[in-house]
Each structure stands twice: as structure tokens, then as C-alpha cells.
**Student:** 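Please find one structure pasted underneath; my questions will follow.
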Amino acid sequence: MKRNIRANFIWLFIMVFGFVAIDAMEFTGIVNTFMENAFVTVGINIILAMGLNLIIGFTGQFSLGHAGFMAIGAYATGIMLQTMDSPIGFWLSVAVGVVIAIIAAIIIGVPTLRLRGDYLAIATMGASEIIRVVINNLKITNGPAGLFNIPQYATWPVVYVVMCITIIMIANFVHSRAGRAVMSVREDDIAAEAMGINTTKWKLAAFVFGAATAAVGGSLHASYIQTISPSEFGIMNSIAILIIVVLGGAGSLTGTVVAAVVLGIIDTVLQNFGTLRMVIYALALILLMVFKPGGLLGRWELSFKHVGKKGARAE
Amino acid sequence: MTHLLQVDHVTQQFGGLKAVSDVSMTVDAGELIALIGPNGAGKTTLFNMLTGVNTPTSGTITFTTAKGTMKVNGKRADQVAAAGMSRTFQNIRLFSDLTVLDNVRIAMTHRTRENFAETMLRLPSFYKKEQAITDEAKALLKDFGLERIGRSIAGELPYGEQRRVEIVRALATKPSLLFLDEPAAGMNPEETAALMALIKKIQADYDVTVILIEHDMALVMNLVQRIYVLDHGSLIAEGTPSEIRNNAEVVASYLGGAPVAEG
Amino acid sequence: STAANSSKKGNTASGNTIKIGVNMELSGAVAGYGEQQKQGIELAVSQINSKGGIKVDGKKYKIKAIYRDNKSTTSGSASVAAQLVNNDKVQAVVGPATTNDSTAAIPNVTKANVASVSPSATDDGYTLDKNGKVQKYVFRSCFDNSYQGQTAAKFVTNTLKGKKVAIIADNSSDYGTGLAKAFKKQFSGAIVSTQYFQEGDKDFNAMLTAIKNKGFDAIYAPGYYSEVGLIVKQARQIGIKTPIIGSDGMADPKLAQIAGNANANDIYYTTPFSTKSADTDTTVKSFMDAFQDKFGTEAPTFSALAYDSVYMVKAAIEKAKSVNSEDIAVAMAKIKNMKGATGTMTVDAKHNPEKPIAIEQMNGGKVEKAITVK
Amino acid sequence: MHTIMQQLINGLSLGSVYALLALGYTMVYGVIKLINFAHGDVYMLGAFWGYYVIRFWHVNFFIALVSAMVLTAVCGVVIEFLAYRPLRHAPRITALITAIGVSYFLENIMSYFFGASARNFPQVIKVHNYHLGGFSVSNVQVLILVTALVLMVALQLIIKQTKMGKAMRAVAVDPDAAELMGINPNHVISFTFALGSALAGAGGVLIGLYYNSIDPLMGMTPGIKAFVAAVVGGIGSIPGASIGGFLIGILETMVQAIGLSAYKDAAVYIVLIIILLVMPSGIFGKRSKEKV
Amino acid sequence: MLKVSNLNVNYGGIKAVRDVSFEVHTGEIVTLIGANGAGKSTILKTISGIMRPKSGLITYEDKAIQNASAAAIVKAGISQVPEGRHIFAGMTVMENLEMGGFIHKRGTDMSATFDNIFAHFPVLAERKKQDAATLSGGEQQMLAMARALMAKPKLLLLDEPSMGLSPIYIQKIFEIIQTINEQGTTILLIEQNAKQALSIADRGYVLASGEVKMTGTGKELLANEQVKSAYLGG
Ligand SMILES: Nc1ncnc2c1ncn2[C@@H]1O[C@H](COP(=O)(O)OP(=O)(O)OP(=O)(O)O)[C@@H](O)[C@H]1O
Ligand SMILES: Nc1ncnc2c1ncn2[C@@H]1O[C@H](COP(=O)(O)OP(=O)(O)OP(=O)(O)O)[C@@H](O)[C@H]1O
Ligand SMILES: [Mg+2]
Ligand SMILES: [Mg+2]
């Protein structure tokens, strides 16, 4: 018990320290808009990839539809902030996005989660494309032109705090009875059922949870970038998030954070390479995967449970 | 008196093949029963129906415990497991990337609760519940001499240990009825002997009724009280080990001239 | 900004180089357009420098373009914008190409007090904030959708005397749908059918077969040359002979190549930049020739618009007599009668360029004449 | 009625493109369970090769087609050797990411060297339209359809009749056990890539000819559609890929025919999902339920 | 026929086989016995080319094969019935058998081999068209053995062929092994059922923790007290 509290305090300390550090750098001007942009993008990517990692890495369900749920959150915020231009409006829009995403995830998940492996991937990708096409043809979403001049409530502190909350929530989910249940589904669903685990329910739970975080990420993205359009939520965007998950190590939350940061750095640095940017990125991606097939961290997790207690065996 | 498990005329049809045909049997609490029969007789298939993995083509399966009576056919495997039937598999099915301890803790999922708020907020009640789950799992492992491998990855263990972990995992669901599919396969005589001790212990200490499939006659004849013999999907005999050993039909179709240890 | 002129907002050129940031789609979905714009920018920059650069207060400055790829994404665009204005300390930005990527860059250029000129962000609202007020640092060198769409509608009614029109619009960005909307609003005749396609589509046979018998007098097909070229080709192949009217996204030599010269008959499109006007206009002619020299192909509209964007920056610098980005932005709003490859333009109150619009007519794959519309 | 027939022809032409691509997907997937994301880009390479040899070397169409098939076959084998083979025993999702990396690489390196904008494919075969009782078919449409059908049949024969075909199936199920049968899985996988990529290359040249417009990103959308076609048909199944390709082609056409062009992609995905819910392994996919 | 000398095989850092030497002469049945994890399966996998040794020599018919590919080794006449069966799921029983005969040229007449196999395993004849994945455990084991025979090997490597078989079939499988041997196939056998394995074997080797601890004829080992207590169940 004490050990847990100590570990939690270390985590809290790290998060607060990160905040203060960034704040100090902003204040002294070490971090300019450009770097802030990079930070925030990494933060939002972490939120998105955490949710996807829960679905893919922990539950073993191959979803390629993350961008669709992200779009739901983004448009909820984009649309609601047109008339409710206030912080309350923003948070309300986040909540609405999450609720709609959850409903969509249930509608999509209940039938499709029966599918396996790549069949599920294609079905979720299809569902996400359907969402995108619908958004592309609706009036309220302003069609392909998308929405712009969205007020910026998602400033970096907001993104940072939401990112921390997302990490905590997903980590807490994973390190609990629920997490063990979804992992058993990943490992062997037949055995899981035989052990009394309702695999359908747990798959859906993870899928819905992941979708909700995607919606949150979408809301933040919309309000930070202040512009959204349907083309941002296509298959390639789902893949971009998938890359973070796999590169970090499917099944490692720490890995997701590391991969998002690494990719953020690569992306930022490559901005200096003009036309060659994507060529180098592609090569980097291939090489990283060939030399680190399990992802950067495999399934390793950073943990502070052993800190300060000699010989303690945590579980 | 109601039986713990009552199987009435169950049949499993795969296309043109009746893998199990019109089998009826009963199991009472506290029994130790073996299901034997030639390869392809339908033993595993019968287990699959009893544990909800497959749904019988026809027939009914009723499971009665203190908690109540349940009609097994039509139920999902997890519902069946939650009601108190647990099993191991002919081909080991551990959660092979997870630790032994997690394998066991997962089996306790259906009978433990952690609500969303306490999980997310890490309330003291959460830690208390986790501790309780962990303690129980550890105690169980300890009881079977497996505590030292609690943190090992299940898939990396030697075969014999994997078999034992699978049995312990099944026990962690707190079953009233435990199904073991060929627990001794791939074991040498020494290990088989240890397995027998383990099964006896389960029966004695955990108040569990056991049905097992086994081709190792030394184990079957020395361990069980009653034997059902399946051949070509149908029951051809039922009785005590000595009755079965001397049943001409069983000898002809199954035992052959194999030297069978005396009870 | 540096300590020396910290009193002043925005970025000021140091030494004798003026830096122009290029926030461009060099990879990703619309890299093709970004590439053409980059060529226009390269040409403008090299021309300006070879003529001695820009003279401000008696001092000559060379210009240097810093090209950064936004991957055809909004977040890429926001990031590139921030890098250009904060790290590269550019005095003005050209790009991005699409409306969405361009709007994503607005907050960051605005924060840094740097003007940005998009060669092809066509959405009506691009230069405006959400209250309809003009964005101080946001400019474009192209028409907005309404103007172009309405012009096309007028042309169909007045010149072609068309009463019934079928619309086939690009549905993957604001461009096609925005034009279609403006067209519909203005057009007094009947719209018999509105169909949509996506960027990258290649097969329009189904759509064309479906509308073939609807009895229209013309097709309005707002979109880019890569798809409209195929629409022209396939329409003619299945026997649709009516005029096909489009927008400046079609004004590209590749249009006729993709459609096939034999099919490219009775094609009209609205454009600020007429290759025909090269006959009469020296600015256009010199651009056309120089482009042909440098890149070995006929200049496409995107290149011309990007070329003019750079010249808008030049004009603003000269007008401001300052190499400070804030001053440049203020001056840019006052550009008048600047001669460009896409016509002589004046920046209006909404930061849109007022310039004559032309309609080119193509027959047999050749532009036959340019009709100037008021 | 005529219109419906005409639309059917449109659908079949479009479908044959998807089918050609889907065949390559389904073969590669069938053997190493990899969604070869770069497949659409190999098709793009084929188209570009055709473009350059016809335009600058003035070869005839047939030579362009065959040489493109050879070239893409080699590319396929090289890609497999460098990017996928090292990951043979890695999690499949890793290889998927590498495949995406290869796809990005091909798209962007081609953009870098040859430019990102569309170009017109030289029209080596003059288009004739045959008018048959009110609807028309072009010679190129016929050519594509026939080529697709011939290749499908050839492929089916290879898979069903040759030892290589059998070896492919065995490697697909269990590469280790296949080795114990005297099969070299590396050869089989290389062969699969060569064959699949050659089909894609052929597709690229045919499409270049048919639509007359090629660009470095041309493989992206058809690539995904073709994969959907392969899944609908039941991945790993040759007839499935063909049927899936035609189905999607016809479906897209029909959705546009009734005027819902804006929803054509959505319609494809809706049908996809419905088919998968009814037949979780696609139309021809074998559903081998795991025996416990 | 087969000579293994000073073989060492590792899994990563784990030394699974250490300095093992043994030989199999033409026409013999040789058995390797030993507890779980002794390294028996690893030795077989190394011989059949699925694993590479760290050091050591494997010669087959006077040719070194430790670096040959598994495919080449099969073609040279060594077949293996792998541990855990590894049948081709999703393919029918018949197709599995055909895969077993993959190395034979097209058009080779296999009917005699098929007849022989179906005589040994009549169940398989009944189940020709069934998806091999749905066979029962024992049926799969028979299929794995039958499939290996399809290659008409000169040397057959058997890894626990009796696993999961009914008592009557275990008897039968040992008879089949002897028949095959009499028909001219040399056999290297691994068995948990050490008693029966030794009783049909010409010679045997006892392995423990990756090393050869003892060797002798089948009869000698059967009679050996140490072997009796450790491997034969008292
Ligand atoms: N899904 C299925 N489809 C078709 N046939 C099946 C299926 N499952 C099992 N069978 C057949 O049903 C019969 C019974 O199989 P089962 O696995 O129950 O046998 P078993 O008694 O457990 O044999 P063993 O002792 O060899 O494990 C076998 O002949 C098997 O081939
Ligand atoms: N894939 C593997 N990775 C790591 N270690 C392994 C692996 N396979 C086997 N080992 C180890 O190598 C040793 C020898 O294993 P092997 O399978 O050869 O034993 P065996 O004698 O065949 O045992 P069994 O009777 O259980 O089949 C064991 O200690 C085992 O734990
Ligand atoms: Mg069985
Ligand atoms: Mg072994």
C-alpha cells in the first residue's frame, strides 16, 4: 500500500515537474511558438495513441478506425464553439464529442468486434471512412471546406493536463482487473472465455474507451489548430497513430509516449529537409522497424514501485 | 437427488459426422471420473459442449450447484465458467505472454469487482481489492508449490509446469466441477505420478468434482472412481476401473493388450 | 525579434537578405500543386535577385526563399508557419496552397506579425476572422470561390445561353464545392444534376453515363486539371458533346494532354491568367518565356499565382520602404495596380486581389481565345 | 435498360482494375499474412515504367506491358528481401508498418525524382469505341477485361495445379512444417511477391493506357479499394479477389448511376461491413473454426 | 548413416544441448530418452535443419549437413515427425499427405505409399476430405506420422509419436515403427514412453540436461537400475 502511494507520488511529481519546466521555458522564451506547436502535437498524439494502444496493444483488436472517432470529437468542438465561444462551451463540446464517440463506438463495435485480425481492421477502417464521408457531405460540418476560425481554448497547459489525465486513466485501466481481462482476450480468447471472461464485453469496453480518448484528442486538435476538414481524418491519419503505437511497442504505454516524442522530434527535424522530408521519414520508419521489430520498448513499462524498497517484489 | 451435472442425450454433429451421439451421463458432487475412449471418439468434443465452447446439436446439459440450476446449452463459455465449471485444454492454452500470477488472477475476474471510479482514482478500496486478489492468487500458487514461478512468463516454462499452471488457473475460477483434458500427455512416469498427487489434492482440499480425459491407464485406473467409455461418439461402457478393465468391448476397442497397472 | 528593435513588432530583415518563408505542400495528397507553386516561387525569386534584388531606402536586399514542407496537413502547416516566423524570422510567408492548410497557418503568422500570401486558398472566408473582420496578416493572390463561380454562371447564361446545367464538382476540398455553390447561387437556369468526385478519382464513366441523358446544355466542372482532364476525356468518349466549363484549377497545359487534344473541344474555364494574354501583355509574356526557359514546360496557373504572390511581397516591401514584417503587412493591404502574371491587381478591403477575370476557350487542345469578363 | 447495360460495362472495367490489384494482395496476404501496403505503389511503378519506355524508347504496348511486369516482379522481390524478410518472425503488425514505410518511400522518392503532378500516358493504342446496340465498349476496356481474366485463370492454375502453388499454401499455414516437407519458404515467398507484383505492374500499364493519367500517388486509393476487394472476396482466395474486385467496381458504378456519387466510397464500405458480418471471412474465405 | 559429434545448440543464452555425440547405423532403431527439457527435441530439430548448431558436426551418409537447409535435408532422405504435430490446418487430410510427398517429382506413382499408409492408419482413409485442423488430437498425431512417411525417407526422426494416442494405438504405433523399420527405414525415436521405446530399439542414449549420460543396447538400458528408477517409473 505504501509502495503504491509512493509510486503515485513520484508520478505526480514528474507530471507537475514537466508542467513547471515547460511553463518556465515558455516564460523565459526558450520555447517559442514553433516548439510549443511541436509539444502540443506530441501531446495530442500521445492522447490518441494511448487509446489505440489500449485497443491494439492490450486487447489485441486490430482497429484502423481511430481517425473516425477523432473526427467526431474535432467536429463536436468545431461546431459547438461557433455558438458557444467560451471555456465552458469548449469543455462541454469535449464531453459531447466523447459521448457521441462512445455511441458510435458501440454501434460500430458490437457487430464488428466479432471479426478477427485484419478483417476487423478493414471493417473499422470502413466504418471510419463512412464517418468521414458523412461529415464531408453534411451542411453543419461545412462539407469539404471544413471549419476554421475555431477559438483556441486548447492551449498547451490544457493539452498537457488532459494528456496526463489520459495517461493516468489508461494506465489505471490497464493495471487493474479490467486490464488483465482485456489482456487475456489478446492472449487467447477461447481460454479467456473458459476462465469466465465475457470477451465481447471486454473487447467493447476497450474499444469504447479508446474511441473516447480519440474524441478528446480530436477536440484538442480542432481547438488548438483552429482549423479542421474531413480530409484530415482519413485512413492515412489512422495509420499515423498506428505507427506511434507499433513503433513504441504495442502493449507498452511508456513506449507510446516515447514513440510519440521520437516521431515528434524526427518530424520537427525533418521539416528542414524540404522535399526530401517524407523520403527520409519513410526510410527511418523502415529501419526502425527492421532493427526494433518489437517496437522501441517492446512491452516494457516504466515503474516506480520498486523505488526505495530494497528487495521488494512488486506485481 | 439432483446431480451436479446431468447430461441428457447430447449429440454433436459436424456436417455428416456425429462426433458425439446421444450421450447421457451424470456426475455427482465429490466424484472423480474419467472419460476414456479411442482417438477421435468424441471426448474432447463432449468436454467442449459441457463447458459451453460448442453448443450441442441436440440434448440438454443441466448443472446444479448451491447457487442454483443452469441449463448449459445455449450459454456462452464464460457464463458456464462463472457458474462453476472450469477446464484445461488438450493443447495447453495459457496466456503465454503474461506471468503465471496474472494467469491466475485473470481467472478470478468474474468473481471480483472493481468499479470504474475506484480504478481510475486509485482509491484505497482499489488497492485493498487488488491486494486481496493477489494474495488469493499467491496462496493458490503456493499451495501447489508454484510460488517461485509466479513472476515467470507462462509461455517460457517447461511443459510439465505449464500443465500444472493451467490446472491451478482453472481452480482459481473456484469451480465446483473441473474438466481436465489429457493432463498427463507428454509427461514421463515420474511427472505423471506427481500429477496424480496433485489431482487428489485438488479433490480433497478444494472440494471440487473432477472429470478427466486421459489415455494414461496407469493414472486412470489408480485415480478415479468411475469411468465412462466413449467410442465413435457413443457411450459403450460405464463403471468402476476394475469393471472397465475387464469389459471385453473396451479392451477390444481401446485398451488392447496394454499392460494396465492394477488398482 | 532582436533586442535592437524590440520596440517594433514583427521580424525585420538583417544584413542584406530578405527572407520569404514558403509554407508549402511538397509531399502528401496535393504535393503536385505545391510543386508547381514552388516552381513559380523559384522563378520569381531568381528573377528578382538577378535584377539586383529589392531596393529599400537606398539599400539593396537579395531575397531568399526558405522552403518547408507541410505534408499537406493542417498541423504540418501550423508547425511550418511557426518555424518560419519564429525560427527563420522571415519577413513574409508565401503559401500554403489549400484553404485548410492556409487557415491553419493564420494564428501563428498573426501572432508573429508576419503577412502571408496564399496563391490558391480560394474559400471566401479565408481572409476573414469569425466575426467577418478581415485578418490583418492574411492575403491571397487568387480569386475567391464566389467571384469565380458567379462569373462562370454569368458566362453560361450570357454567352453560352445555357439554360440547363449539370454540375460535376470536386468534393475533396472547399474548392470544388465552393465554386459549385457560388455557381448555383448565381445561375438562373436549371441545375439538372449535381455529382461529386474525389481527388485522385480516375473513372468518371459511371457518373457521366448517369447524367448523359438529362438534357443539359453545359457541364460545370469545378476542380483541378488532373481530374477534370479525365472528365473531359471520358465525357467526349461516351458522346457528351456539350460545352464543359471549369475554373482556374483547369488552367494547366496538362489538361489537354490528359484529355487528349481530340477530346478537348468546347472547353471553357475561368482564369486570372490567360496564356493568350501573353500576346498583348508584356508581364505575362516575360513570365511565360522565363518559365518555359527554366522548367521546359508551359507555365501552369498554380505557378503563375505563386509567382505573383512573391511579387506581392516585393510590391509591399517597396511600398512600405521597410524590411519589417509588420510594415510589409500594412503595405500589402494597399497594393494597387500591381502588374502580375495573373493580371493587374489591387488588394481590396477584404485582402482579395481585384483583377480581371478571363475565360479561355479551348478547342482541339489549344486555347483559342481569351474572353475578358467584367 | 441501355444505360444499365452501359453502367454494367463501366462497372466491369473499373472492377477488372480492382481485381488485378486485389489478386496481388490476396496472394501475398495468403502466404505471409501481410497487408502489403506497398502493393498499390508497385502498381504505380509499373505505370511509370510503361510511361517512360513508351515515351522515350518508343517500344510497343506489348513490350511495355511485359517489361513492366518483369520490372515490378523484381521490385517486389527486392522489397520483400530488404524490408519484410528480416521481419519474418516479428509480430505481423510490425511488418505492416514496414510495408507502410515502403509505400511512403516509393511515393515520395518517385515524387522527388519525377515530380508529383499528374502526367499523361502516351496513347499507344488508339481508342476505338464499338457500339453494340446502344451501348459502347472501347477496345481498351476489352483489353483490360480480357487481360484481367486471363491472368486470373493463369493464377488459379498456378495455385491449383503446380507444386509451387501447393507449396504456397503450405507455407501460408506453417512455414516451419513446410520446411520439413522439403519446401524452401524463402523461395516460395519470393515467388509470391514476384507474381503478385508482376500483376500489379501489368495493372499499372493497363490503367495508364486506359485513363491516360498517372502520378506517384495513383496507387493509394486503388490500393486500399483493392485490398477491400480482396477482403470481401475472402482473403487468400483467387476467385474471391476477382469477384471482390468486380463487385466493388460494379457497386461504385451503380451508386454513381443512381446519383449518389458523393457517397460512393461510403457505400462500398457499408457493403463491405455487411458482407463481413454475414460472412466473417469474406465470400470465398475459408472459415476454419479453431478446434479446441 | 547419421553421425552427430560434439553438438552444441543454444537458445539465446540457454545451452540446450552440450557436446552431444551419437550415431545411427543403417537399418537401426535408435532412441533418445530423457526427462522433459533434456534437449531431445532440440537435437532432432538441429538434425533436420530447422535449428542451427552453435558448434559440432552432423554427417549423413558421409556428408556434413549441419549447415544444409531443411529443404535440402528432406531431399537427402531425412524426414521428421515434429513435436506438436504441425499439421497443415485448413488443408484436408489428403492435401496434408500430398504435401508430405512434396519432394517427389510430379507424376511419381505414390499409390503404393498411400496404400501402405492407409493400411497403417485406416482412420485417415476415412477422413481424407476432412480439414486436418478438426481432427482429434490422436488423429492429428497419426497424420503427422503418415505425412512424414510420404516422403519415403531413408531416415525417419520421430518426436514423441505416441503422444495423445490411446493405449491400443500406442501398441500399434510401436508395431508400425517396427514394420517401417523392417521395410528399410532407419529410425531415430524420442519417447516419453521410455520402456516401450527401449524395448523396440536396437540402441538407446540417455540424455540429461543436454548431455549424453549413458548409452547401450535397448535391452541393456531396460535392465539398468538407474534408467529404471529415473525413466521407467520405478
Ligand atoms: N469442428 C469439427 N469438424 C469436423 N469434425 C470434427 C470437428 N471437431 C472434431 N471433429 C471430429 O470429431 C471426432 C471427435 O473428436 P474429439 O477431438 O472429440 O476426439 P477425442 O475423443 O478427444 O480424441 P483424442 O483422444 O484423439 O483427442 C474426431 O473424429 C474429429 O475428427
Ligand atoms: N524456443 C525456446 N526458447 C528458449 N528455450 C527453449 C526453447 N525451446 C526449448 N528450450 C529449452 O531448451 C531445453 C531443451 O528443450 P527440448 O525441447 O529440446 O527438450 P526435450 O528433451 O525435447 O523435452 P520434452 O520432453 O519436454 O519435449 C529446455 O530447457 C527448454 O526449456
Ligand atoms: Mg481429445
Ligand atoms: Mg521434446
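Here is how names work: the chains are called A, B, and so on, in the same order as the sequence lines, proteins then strands, and each is numbered from 1.
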**Student:** Verify, without hydrogens or angle tests, whether Y119(A) (side chain) and I235(D) (backbone) share a donor-acceptor contact under 3.5 angstrom.
**Tutor:**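 Confirmed, Y119(A) side chain pairs with I235(D) backbone.
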**Student:** Contact part of A127(A) toward chain D, heavy-atom cut-off under 4.5 Å: side chain, backbone, both or neither?
**Tutor:**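 Both backbone and side chain of A127(A) come within 4.5 Å of chain D.
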**Student:** Is L287(A) close to chain D through its backbone or its side chain, or both, or neither, when contacts mean heavy atoms under 4.5 Å?
**Tutor:**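 Neither part; nothing is under 4.5 Å.
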**Student:** Show, in sequence, the C-alpha distance, side-chain angles and deciding distance for V228(D) and M125(A), and conclude whether the side chain to side chain contact (heavy atoms under 4.5 Å, CB included) test is met.
**Tutor:** CA-CA 10 Å; V228(D) 170; M125(A) 178 186 96; 4.0 Å; yes
**Student:** Which bit of I109(D) is near chain A, if near means a heavy-atom gap under 4.5 Å: side chain, backbone, both or neither?
**Tutor:**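 Both the backbone and the side chain of I109(D) come within 4.5 Å of chain A.
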**Student:** Measure the spacing between CG of L276(D) and CZ of R116(A) and express it to the nearest 0.5 Å.
**Tutor:**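 Rounded to the nearest 0.5 Å, the CG-CZ separation comes out at 14.0 Å.
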**Student:** Shorter than 4.5 Å, heavy atoms on both sides: which option in Y29(D), Y112(D), F227(D), F37(D) has the most such pairs with chain A?
**Tutor:**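 The answer is Y112(D).
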**Student:** Please classify the contact of F291(A) with chain D as side chain, backbone, both or neither, using a heavy-atom distance under 4.5 Å.
**Tutor:**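 Neither; nothing under 4.5 Å.
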**Student:** For P111(A) versus L277(D), what's the shortest heavy-atom pair and its separation?
**Tutor:**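 Looks like O-CD2, 3.3 Å.
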**Student:** Quick one: which residues of residues 92-103 of chain D reach chain A at under 4.5 angstrom, heavy atoms only?
**Tutor:**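 When heavy atoms of chain A are the reference, residues 92-103 of chain D contributes R92(D), I93(D), T94(D), L96(D), I97(D), T98(D), I100(D), G101(D), V102(D) within the under-4.5 Å range.
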**Student:** Can you confirm whether K33(D) is buried at NZ, in the sense that more than 12 heavy atoms of other residues, nucleotides or ligands lie under 6.0 Å from that atom?
**Tutor:**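 Check passes, neighbour count above 12.
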**Student:** Search all heavy atoms of V133(A) against all heavy atoms of A266(D) and return the closest pair with its distance.
**Tutor:**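 In this case the closest contact between V133(A) and A266(D) is CG1-CB, 3.8 Å.
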**Student:** Counting only heavy atoms closer than 4.5 Å, note whether I122(A) contacts chain D via side chain, backbone, both or neither.
**Tutor:**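 Answer is both: backbone and side chain atoms of I122(A) are under 4.5 Å from chain D.
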**Student:** For chain A, find which of D265(D), I224(D), V268(D), L106(D) contributes the most heavy-atom pairs closer than 4.5 angstrom.
**Tutor:**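 Result: the option with the highest number of such pairs is I224(D).
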**Student:** Minimum heavy-atom separation for G126(A) to I273(D), with atom names?
**Tutor:**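 Heavy atoms only, the tightest pair is C-CD1, 4.3 Å.
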**Student:** Within a reach of under 6.0 Å around CG of L82(D), are more than 12 heavy atoms found that belong to other residues, nucleotides or ligands?
**Tutor:**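 Counting neighbours around CG of L82(D), more than 12 heavy atoms of other residues, nucleotides or ligands fall under 6.0 Å, so yes.
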**Student:** Could you check which of L242(A), L288(A), L276(A), I131(A) has the highest count of heavy-atom pairs closer than 4.5 Å to chain D?
**Tutor:**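 The residue among L242(A), L288(A), L276(A), I131(A) with the greatest pair count is L276(A).
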**Student:** Between OH of Y104(D) and CE of M278(A), what distance do you get to the nearest 0.5 Å?
**Tutor:**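 Answer rounded to 0.5 Å: 5.5 Å.
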**Student:** Please name the residue in the list V279(A), L283(A), I280(A) that meets the side-chain contact (heavy atoms from CB on, under 4.5 Å) test with N108(D).
**Tutor:**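 Of the listed options, the one satisfying the test is V279(A).
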**Student:** So for L120(A), is it side chain, backbone, both, or neither that comes closer than 4.5 Å to the heavy atoms of chain D?
**Tutor:**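 Interface part for L120(A): neither.
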**Student:** Any chance you could measure M289(A), atom CE, to Y84(D), atom OH, to the nearest 0.5 Å?
**Tutor:**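 Result: 13.0 Å between the selected atoms.
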**Student:** Between I243(A) and chain D, which part of the residue has a heavy atom less than 4.5 Å away: side chain, backbone, both or neither?
**Tutor:**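 Both the backbone and the side chain of I243(A) come within 4.5 Å of chain D.
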**Student:** For the candidates L247(A), T275(A), D118(A), L285(A), which exhibits the highest count of non-hydrogen atom pairs separated by less than 4.5 Å from chain D?
**Tutor:**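 Top count of heavy-atom pairs under 4.5 Å with chain D: D118(A).
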**Student:** I'd like to know whether M220(D) forms a side chain to side chain contact (heavy atoms under 4.5 Å, CB included) with M236(A), so could you lay out the CA-CA distance, the side-chain angles of the two residues, the decisive distance to 0.1 Å, and finally the verdict.
**Tutor:** CA-CA 10 Å; M220(D) 229 153 74; M236(A) 285 300 144; 4.2 Å; yes
**Student:** For chain D, which of N137(A), I239(A), I235(A) has the most heavy-atom pairs under 4.5 Å?
**Tutor:**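 Most heavy-atom pairs within the cutoff with chain D belong to N137(A).
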